[in-house]
Every structure is written in structure tokens, then in C-alpha cells.
Amino acid sequence: MGRVQARLRAEARTLHADVVARGVGADFAERGIPFLLLRGPALAGLRRSRTYVDVDLLVPPSRLEEAELALRGLGFAPTTTPRDFRLRGNPHAHEWRRHDGGAVDLHHTVSGAGADDETVWRVLAAGAETVDVSGTELPSPGQAATALLAVLHAAHHGPRIGQPLLDLEAAIERLRPEEWAETVRLAKALDAEAAFAAGLRLDERGAELAHRLGLPEAAPGDVRLRASDVRPVALSLLALLDTPGLAGKARLILHGLAPTPAGLRHARRLARRGRWGLALAYASQPLWTLRWALGSVRAVRRARRGAA
Amino acid sequence: MTAVIRLASDRLEWREIDGEIVALDIEASKYLAGNRTAGALWPRLAAGATRDELLDALLVRFDVDAETASRDLDAFLRSLEERGLIER
């Protein structure tokens, strides 16, 4: 596919995501469910040419079930269950998909935040603004919070995923010093300073900024691992080491070797290639796990040594 | 030709990217991409325009003779009509 064609395809997906955001936003508004649109169009304020494929919505924890019901009513279904995340730590969102390809990540919190879900909602909703989504104004966090979320997203995906790094770079480029002070205040309120610092340090100028802002060097093991060139099963290995008791560890190992289909599709590209791809992924899962586990030992040791 | 032609706005979302058009047929869940010719016509179709106005727009914008422009325009309108994306 040529560059122009690829660009137009990406723009078409963005258009589709905007249509989904407006439809879901209108439905939530009608039901009185408060929400904030994270990333996507909100980040387009930082990086104009940004395209996106899904919609990230944060809702207050007390309204999460209602939001899920609303999504079901609109034809969406969850692609993962809490069991799929047993080995990768508590998820901050669940993906919902519809037959037309529309995708919503329904957040009850944001990655890197240690504060409880209610606090996360309260802090981000307090500075809410609106963002233009193809002609419709939808609520989203303010500029400082959006920059914070861009940094936390980069910290979550580490140095191997391109788009969050470009968002991080744009945030560093665009935000004024006084806005960074506000971002630090928000990071403290969300108990996300460690992930915020780790995210900033993925960029050379961000590392200088983290130093100037006096952000902590130490970070929990999972934060360090995510922000490093993490192996696919390194987080699972860390979870295994941190799980007390032999029975708990055995359950995790069993789950790692035989995950649910949704969990396997989430973790491995091969499993997303139809029935045969899924079957092959299951057949090769023990070897795949062993291979990546061996490669992850050093990274996990390093992360645990440097943990706060 | 004085009949006004317009896009079926209730089933189409679109945007212009560097003079080209990206559109989403919401009912069919299909993407459409249009070249610069479509880029010249699309905003006029969104607002509503006659065939003569559309033809004029092509002749002003591109170095093309009236016969070729007319043929291209009809083919373009036919392809949209077949998809139910324009109303007359």
C-alpha cells in the first residue's frame, strides 16, 4: 500500500472512531452517564496529524455497570474478561467491539495511577473541557491532564510502540512550564508520579524535564518493566514472583500456559489469524512462554532491584 | 440541468485531507476514498449543487476539456448514485 493510501486509510479509521465516539457520547449523555474522552481527538490538540482507531472513554466507577449496559445496547461486546489480565496486572480499561469494527476502550482508571478509581475520576473530571469531534463537542480532560495521560500511556507501552512516543514528544514540545507544574500536581493527585517520571524519561528532553520537575528516580517493578524494552511475558513473570504461596503461583502458571482465547488473541498476533492461527498459538504456547520467560529473567531482576 | 444534487448527509461522514476525500458510509460500514477531482466536487455536493455548477467547478479547477470533464463527472455521480450516497 502506498503512503498516500495508508494515510487515507488511517484517516478513514479515525473518521470511524469519531462517529463511534459521537454515537456513544450521545447515548451516555441521554442516560446521564458522565464520561471523559481520553486520548484520540483530545490528543489531536497536541499533535494535529494524529490518527486513531478506537475511542477511550473514562467513566466514574459508580457508573461503570451502566456504561457497560449502554455499550451492549449499542451492539458492543467485551473482547476480554478480567481473567485474561490475571497475569498482566489489573487492567485500566476493557475493550468493547462492534460488528462494524467500532472499538471502545472503557476505562475505570488510567494506566500508572495508584489512586483509587473514584479519585482518578474526580481529579480528571474537575479540570474537564470539551474537545471538537468532527463538529460535536465532547467532554475531555484539560490540556495538562491530556499531556499527563500521554506521558502515562508512553510509560505503559515503553520504547517499542511508536504512537505513544510521538504523543509524548508532542506534549514535551507543546506544553509551557506552568502547564507542566499543573501536570505534576495532577500526577501527585493520581498517585502516578512514578509512571509519569518513567514515561518522561523515555524521551531525551523529557528526561531533562523530569529532572527539572524533581520527579522521583525510583519506581515500582511493574512501572520500570513497562517503560523498559519489556519482553512479552516479563510482566507475567513479575506477577508470578510477587504472588504469595505455591497454589497461587501454580494457578498463574496454568493460566499462562492455557489462557482464554481472548487473552491469547490479546497477547499474540498469531492467535488473531483465524481458527488455525488460534490453534497454532495454543499448540506453541508452552514453548513460546518458555522462550520469552528465559529472555525476561534479566529484565525482571533489574526491575525488582531498582524498585522503590 | 437545474436539479440540485446533494450528498446523503445522514449516512455519510467525510473529511478532506490534502485535497482528497475520505468518507465513511455509516450504513454500509464502508470507507470511500476520493482523488483530487472528488475533492473539488465533494464540498459542493455536501452543500447541494446542480450538474452544471459541478461541471463548472471541474473546468475552473483542472486543465481539462468540457467533454472529458462532463464524462468524468457523470461517471462519478453514477458511482455515488449506485451506492445511494446522493439525492436529487
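Protein chains get the first letters and strands the later ones, always in sequence-line order, with residue 1 at the start of each. The figures here come from the full heavy-atom set of this structure, side chains too, leaving out hydrogens, waters and symmetry mates.
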### Task
Start with the C-alpha gap between Ile26(B) and His16(A), add the side-chain angles, then the distance that decides, and say whether side chain to side chain contact (heavy atoms under 4.5 Å, CB included) holds.
CA-CA 8 Å; Ile26(B) 300 167; His16(A) 191 191; over 6 Å; no
### Summary
Heavy-atom closest pair (Leu8(A) atom, Ala33(B) atom, distance to 0.1 Å) is CD1-CB, 4.2 Å
### Task
Take atom CZ of Arg269(A) as the centre, draw a 6.0 Å sphere, and report whether it contains more than 12 heavy atoms from other residues, nucleotides or ligands.
no
### Query
Quick one: OG1 on Thr14(A) to CD1 on Ile17(B), what's the gap to the nearest 0.5 Å?
8.0 Å
### Message
Under 4.5 Å from any heavy atom of chain B, what part of Arg22(A) do you find: side chain, backbone, both or neither?
### Response
side chain
### Query
Does some side-chain heavy atom of Arg9(A) sit less than 4.5 Å from a side-chain heavy atom of Val22(B)?
no
### Query
Say you draw a straight line from OG of Ser134(A) to CD of Glu13(B); how long is it, rounded to the nearest 0.5 Å?
6.0 Å
### Task
Heavy-atom distances under 4.5 Å only: say whether Ala28(B) touches chain A with side chain, backbone, both or neither.
neither
### Task
Working to the nearest 0.5 Å, report the span between CG of Leu24(B) and CD of Glu11(A).
13.0 Å
### Query
From Tyr31(B) OH over to Leu15(A) CG, what is the distance, rounded to the nearest 0.5 angstrom?
8.5 Å
### Message
Counting only heavy atoms not in Glu87(B) (residues, nucleotides, ligands), do more than 12 fall under 6.0 Å from its CD?
### Response
yes
